[in-house]
Each structure stands twice: as structure tokens, then as C-alpha cells.
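Shown next, in C-alpha cells, is the structure this report addresses.
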Amino acid sequence: MMLLNAPVRSLRMLDLQRRAGAEEVFLGLQPPPATGMSLDSLPVIRDGQPTQVGSVSMLTALIREAHQHGMRANFCADAPVVPAAVLPAWLDHVRTAVDAGADAIVVGSLGAATRAGTVVSGTTCTLTAGSMMAVAAPPLIDLLTRQLGVRRIAVPQHLTLDELRTVRGQVEVELEVHVQTGSGWDCTRCSLPDQPGVGLACRAGYRTDAGWVDAGAGPGLLDGGLDCALCDLPALMQLGVDVVTIAGRESPNLRQNAKVTQIYRRALDGLRAGRTMPEIIADIDRVELSWQMAWIPRLCDQRRCRFRDSPISAAFV
Amino acid sequence: MTEQAHPLVEVRLPGAGDIDRVLGSGADAVGIGHEGCLHKARHAGALVPFVRHAHEAGLAASVVVPVAWPRSAAAVATFAHDAAAAGADTLVVNDWATALECRPYADRLVLGRGLTASRPLAVAEEPTGTAEPVHSDLDVGIQDAVGDGAALGVELDAATPPRPETLCGQLRLVVGPRLRALSRSCPTLRHRHGTAGRCEALCTTPITVTATSRWRLVDGKRETLPAGTPARDLLVWGNAVLDPASTTPDRVAAPVRVWVIDLRYVAGELAEEVSALRTPMTPPPSPTCRLDPVSAQPSPNPLRSST
């Protein structure tokens, strides 16, 4: 059965996501100030929004609340780089989450993956290789699952369905697919956001030296974002994907973020009841104002289909 | 390459047929390949003659093996083995899966910018002012691999060398524009309406881009950048974005074993640039990264563990 994993950073967000139908949540924790870096895959602040839980007591409360409702709590410690000087703080960070009851630790670098086992050893907490690790090739899959004890792999955002099928055929491990905010870029290696004032630079608009200018609402010159996987949920289910993760720990609109979860919930429940995606989408269109107002113009009209042919996927190297 | 009074200089070539442009420049080595795209390094048939030509000219030969994107992972692995079989003196790999494939070649394996360009995310959303990182923070996994001898060294942008205390193994610094990002969905292909695999000609010249609008997370729309936003020019070259404003610092605290010049960015006389980089080097410090800093036990080495 494919599960829904949703972002959380507060009790209100947890409540909204639970009511929307999430079965798992993922969350991060603000690093100690002296650390000087985020200990997961998002900056502490993005677009003016916090991305992490503000305190250990809140983290503990959120995990307890999630467990009371039968939800699994995935703790993000998936910094793409863990320097040696920060390693003790990173290990303490992970220990804090394990002590708070986290069910899984998401790691983002190979150095972290080799160390995290010592913290979760002897507990019920498991390891997930986060999408920051960009795991898709057999040697790395083999190393992570057979030697480092990784139980779940979150595949990179630029994987096609065929490639996902290949990964599924290579390894008996839980597979997680991130949806709703994709990227044709390799986020692990990206320092584009370091441009002050430009924000998420892969989605910014650009002009070229030849006078060409990004215009309209569609993907810009550097925008490789493939976001929506709704129409391909049947294919993901058939492939044996275990978890679909809705992006948005940084979401500025908690209700809107939960609405996305709710729409995926409707789709999964509909599929399990034997309905087709066109029937399910017609149902959603009847009852969800946001479908016509936001989803179609922001995703369908821009062909931001995670697994369908598009100008973005046609340019995959 | 073990005892030397000055750093070596390697010239990275646009293609395997460009060796003659380097002869007489004083360079010690030549290299081919690209961190992000196999299409730009599709020289499998040319690897043997490239290495032979380099060696006959008295030059060492390096091959940059690109990131193994899912579709090309098998081809990248084959390319790496072909480069090793051809006798390449250095293999620069850019992802862990390929590094694992290349374990038999540890004595000539370098972890390239595809691995070392990863950087921690800030506690703030973005740096204020024009502050730029002056050092690269290497993941402990990289230190483990190099510290244990499973790889020869690391290659980074000269603009952001590693902190000296974190260095072990051979340090190679690439002069010129700093690598900002690599994309699987190639922006050059999209902009120039090309077809993947038949696109080498599209990459002969870069595209200079400058941000004009920012993306709003709240509604997914773009808004014009406020006046005065210091958006910088970026170079889009193939599926890579580079920062042409990045500069090599006057002094690099860490001992540089090899300087790498990319011939595409050389505007003046190559021989002068080679000569300028050949300043005497200080002896490398004893490696400090061989022990796990937490437990003081030998650190786990993923590249060594299953050999």
C-alpha cells in the first residue's frame, strides 16, 4: 500500500496534514546557533518562512502527537554536506531526534550515512537515504542497503518512470518518491541560491546576452522543475513505490499545503476503490475550487508533469 | 607526481584533438571531459589516441568522468573503465556510484567538483550583501575516502579551496569560473532546441544570463527583482552554470598539488598563465583527516569497505 508523507513544522500543520490524510510526516529541527549551518536539506529560512521545528520540546510533542494518530515520523538530518567540524553537532542532532521518538532518520550525504548507524543501532529507528544523495545507480544502492543498513531510498527528483522501474527491479528496499516540487537540477551540487535577493534561483526569470527574456508563467531558462505526479499515481502504485512525499516544509500557506495532501489522498483512495484517474480528477474538479484556480494554471498548463513527456524531460542528459 | 618543488599545471581541453594547442606552454598535463555531461566527453574511441598522444608529448593525461545521471550511468561506468584501460594517469569522478565503480584505480582516482561542490545550506535563506564562501566544506565521506587512500585527492574550484586543516591527499584547484550547478534537464538544449546526444555543437559557446525576476513560493509566480538587487551574470555552458565573477584568491593556504586551467576560459597567452601558477609550493601538512574526529577511531571508508 502506497503511503502519503507530508511536511510538518508545527502542531497546527500536523493537525491539518492529518485531517488531509497524511499517514507519515517529515520534519526538521533548527540547529544549535553555533553550528552555523542547517543540518538538513533546507535553509533554516526560505522565502521568509521557517522550515524547521523551533525547539526540542516541540519536536518531542509533534512526534508524540503523530504517534498517537498512528503516523510515522521521519526526521530530516539530510544536509548534503556534513563537515568533520560539524559532525559532533550533527550526531547530537540525530540523537535528539531518536530520543524524541523519531521512526526514521533521513540522511543526505555518504559521510552521514556511514555514521548514522551508530546512533540508531539498538533502537527501532531506521535510516532513509534522502533525495539529496541522488541514489539511482546500483553500486551506491548496494552499498547503502547491504552495508549501511538503509531501509528506504528517496529517489532523486529527476528520475523517469522507466528509471524508477529499473531501480525497483534492482533492490528490495522501500522506495519514496517526492512530488509537487521537483527540480531538473541536482540540488545536492547547487549553489545558485547564493545570489542575494534572487531567491530560489533555478526558478527565477532570466535574460540572456542575446536579448532573450523569460516571459509568461511557464518554466524559465534555468527552470527544470517537474512537480506534479497526480496522473501517474496508478503507475507508481503498479511499480511498488511505497511512499509518496509531498514537498513543503517551507510552505507559506499551511492550508494550501494540506490541500495538496488532500487531493493526493482523494486520488489514492479513489484508485483503491477501483476508480480511474479521469473519474477521480472529474470528482476533484467538482468539489475543489483550488483545482481550477491553482492546480491547472500552475501545473497542468505549464506541463510540470513529474513523469510525463515535456520540454523539460526532453532535455534530460 | 610525489616529489615536486612546484605545483603542476594541467590544461583541460575542449576536446581530445586539442592537445597541440598546449604543446610548448610548459603545462605538465592535459585533460578532457566534463563534470556534468557525457555528451561533452564522448571520446571513448578517442581515449587511447588521446592518452598516447599526451604521453608521447611528455604530458600526463587526465580524464574527467561525468556525473552518472540515471540514463547514462552504465555508459559513464564504461567510460571510466575505458579511460583507465587507456592508461589515463588521473580519473576525476563526480559521483559516489562512479567512485565505487573505480575502486580498482584508487592510486589515480580524484573526487571531482561534482562531489566537492556540494555545500551546506545556510542558517539564513541567502547570504547578505555580496558575501561569498571563501572555503569549501568537504563532507566527512570525502575525507574518509581520501584519508584512507581509497582516492588520490580532491578537485575543487580555486575560488573556494578547502580549509587547510581538512585537507588530505592531493589538492587540485580549477582556475576560472566557479561551478554553481549541474542540471539533468539541460538548459542549453532547451534554449537552443537541441536533441540530447546530438548536441555537442550547441555547447561551443556559453550563454550569459542575468536574473530579472524572482519566483514567489506562495503562488508560483515570478515578480520583477527590486531595483538595486545585485543580480550577477552567470554562464550557462551545456548543463552547467558557472560564475564568471569568481576569482582565484591571491594566496591559498592549502598546498596545491595541481592547478587546472580550462582552455575554454583562457583569454591571453596560455604559457603566461601556466608560468604564473608555477610558484613554489610549501610542503603539504601531515594528513589530519584520517581519524574519525568523534571517536578517534579509524574512520569508515565506503570506497574501501567492499573491496
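Letters go in sequence order (proteins before strands), and every chain restarts at 1.
For chain B, the nearby part of A:Arg298 is the side chain; its heavy atoms alone come within less than 4.5 Å. Only the backbone of B:Leu179 comes within contact range of chain A, with at least one heavy atom under 4.5 Å from a heavy atom of that chain. Looking at A:Pro219, the atoms closer than 4.5 Å to chain B (heavy atoms on both sides) all sit in the backbone: N, CA, C or O. Contacts of A:Ala315 with chain B are made by both backbone and side-chain atoms, with heavy-atom separations under 4.5 Å. Of the atoms belonging to B:Arg222, it is side-chain heavy atoms, and not backbone ones, that fall under 4.5 Å from chain A. B:Ala68 does not touch chain A: none of its heavy atoms, backbone or side chain, sits under 4.5 Å away. Contacts between A:Glu250 and chain B at a heavy-atom distance below 4.5 Å involve backbone atoms as well as side-chain atoms. Proximity to chain A (any heavy atom under 4.5 Å) is restricted, for B:Asn94, to the backbone atoms N, CA, C and O. Contacts between B:Thr229 and chain A at a heavy-atom distance below 4.5 Å involve the side chain alone, from C-beta outward. At a 4.5 Å heavy-atom cutoff, B:Val76 makes no contact with chain A through either its backbone or its side chain.
Interface remark: of the candidates B:Pro120, B:Ala73, B:Ala97, B:Pro120 forms the most heavy-atom pairs closer than 4.5 Å to chain A. Residue with the most contacts toward chain A among B:Asp137, B:Thr210, B:Leu189, B:Asp219: B:Thr210 (heavy-atom pairs, distance under 4.5 Å). Chain A forms more heavy-atom pairs under 4.5 Å with one residue of B:Pro226, B:Ala117, B:Gly220 than with any other, namely B:Gly220. Taking A:Leu39, A:Ile141, A:Leu42, A:Val213 one by one and counting their heavy-atom pairs under 4.5 Å with chain B, the maximum is reached by A:Leu42.
Side-chain contact between B:Leu138 and A:Val81 is absent, with no heavy-atom pair separated by less than 4.5 Å. B:Val140 places a side-chain heavy atom less than 4.5 Å from the side chain of A:Arg115. Contact check for B:Val241 versus A:Leu192: side-chain heavy atoms found under the 4.5 Å cut-off. Between B:Asp144 and A:Thr114, the closest side-chain pair of non-hydrogen atoms falls below 4.5 Å. Contact annotation: the side chain of A:Ser191 approaches that of B:Arg178 to within less than 4.5 Å [non-hydrogen atoms, C-beta and beyond].
How far CG of A:Leu110 is from CD1 of B:Ile142: 9.5 Å, rounded to the nearest 0.5 Å. Atom CG of B:Leu121 and atom CZ of A:Arg46 lie 7.0 Å apart (nearest 0.5 Å). Atom CZ in A:Phe316 sits 12.0 Å away from atom OG in B:Ser72 (nearest 0.5 Å). Here the CZ atom belonging to B:Arg216 is positioned 14.5 Å from the CG atom belonging to A:Leu200, to the nearest 0.5 angstrom.
Considering all non-hydrogen atoms of both residues, A:Ala204 and B:Ser213 come closest at CB-O, 3.1 Å. The two residues B:Val218 and A:Pro252 make their nearest non-hydrogen contact at CA-CG, 3.6 Å. The two atoms that bring A:Leu221 and B:His191 nearest to each other are CD1-ND1, 3.6 Å, heavy atoms only. Heavy-atom minimum distance, A:Val317 versus B:Cys37: CG1-SG, 4.1 Å. Scanning all heavy atoms of the two residues, the minimum distance from A:Gly197 to B:Leu225 falls at O-CD2, 3.7 Å.
Distance alone, capped at 3.5 Å, is enough to place a donor-acceptor pair between the B:Ser185 side chain and the A:Ile312 backbone. The backbone N or O of B:Val209 sits nowhere less than 3.5 Å from a side-chain atom of A:Thr208 that would complete a donor-acceptor pair. At distances below 3.5 Å, at least one donor-acceptor pair connects side-chain atoms of B:Asp139 with backbone N or O atoms of A:Val82. Checking side-chain atoms of B:Arg184 against main-chain N and O of A:His158 turns up a donor-acceptor pair under 3.5 Å. Between the side chain of A:Arg189 and the main chain of B:Thr116, no donor-acceptor pair closer than 3.5 Å is present.
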Are A:Asp214 and B:Thr212 close enough, and set up right, to give a side chain to side chain contact (heavy atoms under 4.5 Å, CB included), and what steps lead you there? CA-CA 8 Å; A:Asp214 277 329; B:Thr212 56; 5.6 Å; no
Intermediate values then yes/no, side chain to side chain contact (heavy atoms under 4.5 Å, CB included), B:Leu100 and A:Leu140: CA-CA 7 Å; B:Leu100 289 160; A:Leu140 191 53; 4.1 Å; yes
Kindly determine whether A:Asp186 and B:Trp69 satisfy side chain to side chain contact (heavy atoms under 4.5 Å, CB included), including the steps that lead there. CA-CA 10 Å; A:Asp186 185 330; B:Trp69 304 105; 3.7 Å; yes
Walk me through whether A:Met132 and B:Ser118 qualify under side chain to side chain contact (heavy atoms under 4.5 Å, CB included). CA-CA 10 Å; A:Met132 274 282 157; B:Ser118 301; over 6 Å; no
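Salt bridge B:Arg190/A:Asp223: absent, no basic N to carboxylate O contact under 4.0 Å.
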